[in-house]
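Notes follow once the structure below has been shown.
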Amino acid sequence: MAAYAFARADGALLLTRIAAGYPSAGAWTLPGGGLEFGEAPEDALHRELREETGLTGTIDGILGINSIVLAPAPRRPEPLHGLRVVYQVTCVGSPQHEEGGSTDRAAWVPLDQLDALPRVELVDYALGIGG
């Protein structure tokens, strides 16, 4: 299970870029990630938001729950079924990028520039239900 932030402000969406060495490297995604053992999804969301963007936020509600099935991979011989909770979040400020983590950049991306960016399908899922 994972938790992600859907944060919009001033016509822009808060996104992070996946770092080299990770699946979908170079693509943009929502800030967030997997839960640690015993961690509540809301706590994971706040932790990941701080780690990946340096920002804090207020959860306004659940935008949606996205189900994904991943094919086997070299380090994971079995398929994986994951659930991604996407929270509507309000946050402000200038994001800072994560050092040595799974993302290498964070930015408020103007909505009219999204089509030019490589992005994971989670971004389109969230935009489809969150506008």
Side-chain angles (χ1 to χ4, degrees):
M1 183 172 231
Y4 291 87
F6 182 79
R8 291 181 10 174
D10 300 321
L13 181 63
L14 182 62
L15 295 176
T16 57
R17 188 175 63 188
I18 300 169
Y22 289 87
S24 301
W28 290 82
T29 188
L30 301 176
L35 278 64
E36 295 176 358
F37 183 79
E39 186 176 36
E42 297 86 357
D43 294 338
L45 179 277
H46 289 297
R47 176 182 52 76
E48 289 283 350
L49 188 61
R50 275 190 315 275
E51 288 174 3
E52 293 183 354
T53 71
L55 300 175
T56 59
T58 302
I59 294 175
D60 300 317
I62 293 176
L63 185 65
I65 299 175
N66 178 252
S67 176
I68 186 170
V69 175
L70 301 174
R75 290 189 219 158
R76 185 182 24 81
E78 300 294 323
L80 176 70
H81 182 202
L83 295 176
R84 302 182 289 188
V85 181
V86 180
Y87 290 95
Q88 182 80 45
V89 176
T90 299
C91 57
V92 294
S94 298
Q96 305 297 314
H97 67 274
E98 181 177 25
E99 294 288 337
S102 60
T103 63
D104 63 7
R105 187 161 175 217
W108 287 104
V109 177
L111 294 172
D112 63 1
Q113 294 179 17
L114 288 177
D115 286 340
L117 292 180
R119 60 191 183 276
V120 299
E121 54 79 27
L122 181 63
V123 174
D124 295 327
Y125 165 79
L127 286 167
I129 60 174

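Along the sequence shown, residues are numbered consecutively beginning with 1.
- In this structure, the side chains of Arg50 and Thr56 come closer than 4.5 Å at one or more pairs of heavy atoms.
- A pairwise comparison of heavy atoms in Ala7 and Leu13 identifies O-CD1, 3.3 Å as the closest pair.
- Closest non-hydrogen pair, Gly26 versus Pro118, comes out as O-CG, 3.6 Å.
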Could you go through residues 87-100 and list every donor-acceptor pair under 3.5 Å that involves a side-chain atom there, pairing it with any protein atom two or more places apart or in another chain?
from	atom 1	to	atom 2	distance (Å)
Thr90	OG1	Asp60	OD2	2.4
Gln96	NE2	Ser94	O	3.4
His97	NE2	Glu99	OE2	3.0
Glu98	OE1	Thr103	N	3.3
Glu98	OE1	Thr103	OG1	2.7

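- More than 12 heavy atoms of other residues, nucleotides or ligands shown are found within 6.0 angstrom of CG on Asp112.
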Show your reasoning for whether side chain to side chain contact (heavy atoms under 4.5 Å, CB included) applies to Val85 and Glu42. CA-CA 9 Å; Val85 181; Glu42 297 86 357; over 6 Å; no
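- Taking hydrophobic clusters as Ile, Leu, Val, Met, Phe, Trp and Tyr residues chained together by side-chain heavy-atom distances below 4.5 Å, Ile59 shares a cluster with Ile62.
- Looking at heavy atoms from C-beta onward, Leu49 lies in side-chain contact with Leu14 at the 4.5 angstrom threshold.
- Contact record, Gly101 with Ala19: O-CB, 3.6 Å, taken as the closest heavy-atom pair.
- Of all non-hydrogen atoms in Pro77 and Pro72, the two that sit nearest each other are O-CB, 3.3 Å.
- Across all non-hydrogen atoms, the minimal contact from Arg76 to Ala71 is NH1-O, 2.9 Å.
- Each of Ile65 and Ile129 belongs to its own hydrophobic cluster when Ile, Leu, Val, Met, Phe, Trp and Tyr are linked at side-chain heavy-atom distances under 4.5 angstrom.
- Applying the side chain to side chain donor-acceptor pair (under 3.5 Å) rule to pairs touching residues 27-41 yields Glu39-Arg47, sequence neighbours excluded.
- By the 4.5 Å heavy-atom criterion applied to side chains, Trp108 and Asp10 are not counted as neighbours.
- Of the possible polar contacts, one joining the Glu52 side chain to the Gly32 backbone as a donor-acceptor pair under 3.5 Å is found.
- Leu70 and Val123 fall into different hydrophobic clusters, where Ile, Leu, Val, Met, Phe, Trp and Tyr residues are linked whenever their side-chain heavy atoms come under 4.5 Å apart, directly or through other members.
- Put simply, Leu111 and Leu63 are part of the same group of oily side chains (I, L, V, M, F, W, Y) that touch within less than 4.5 Å, one to the next.
- Under a hydrophobic-cluster definition in which Ile, Leu, Val, Met, Phe, Trp and Tyr are linked whenever side-chain heavy atoms come within less than 4.5 Å, directly or via other members, Leu127 and Leu117 are assigned to the same cluster.
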Test Arg84 against Leu30 for side chain to side chain contact (heavy atoms under 4.5 Å, CB included), laying out the working first. CA-CA 11 Å; Arg84 302 182 289 188; Leu30 301 176; over 6 Å; no
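- In this structure the side chain of His81 reaches within 4.5 angstrom of the side chain of Ser67, judged on heavy atoms.
- Nearest heavy-atom pair, Ala44 versus Leu35, reported as atom, atom and distance to 0.1 Å: CB-CG, 3.8 Å.
- No side-chain heavy atom of Arg119 sits less than 4.5 Å from a side-chain heavy atom of Leu15.
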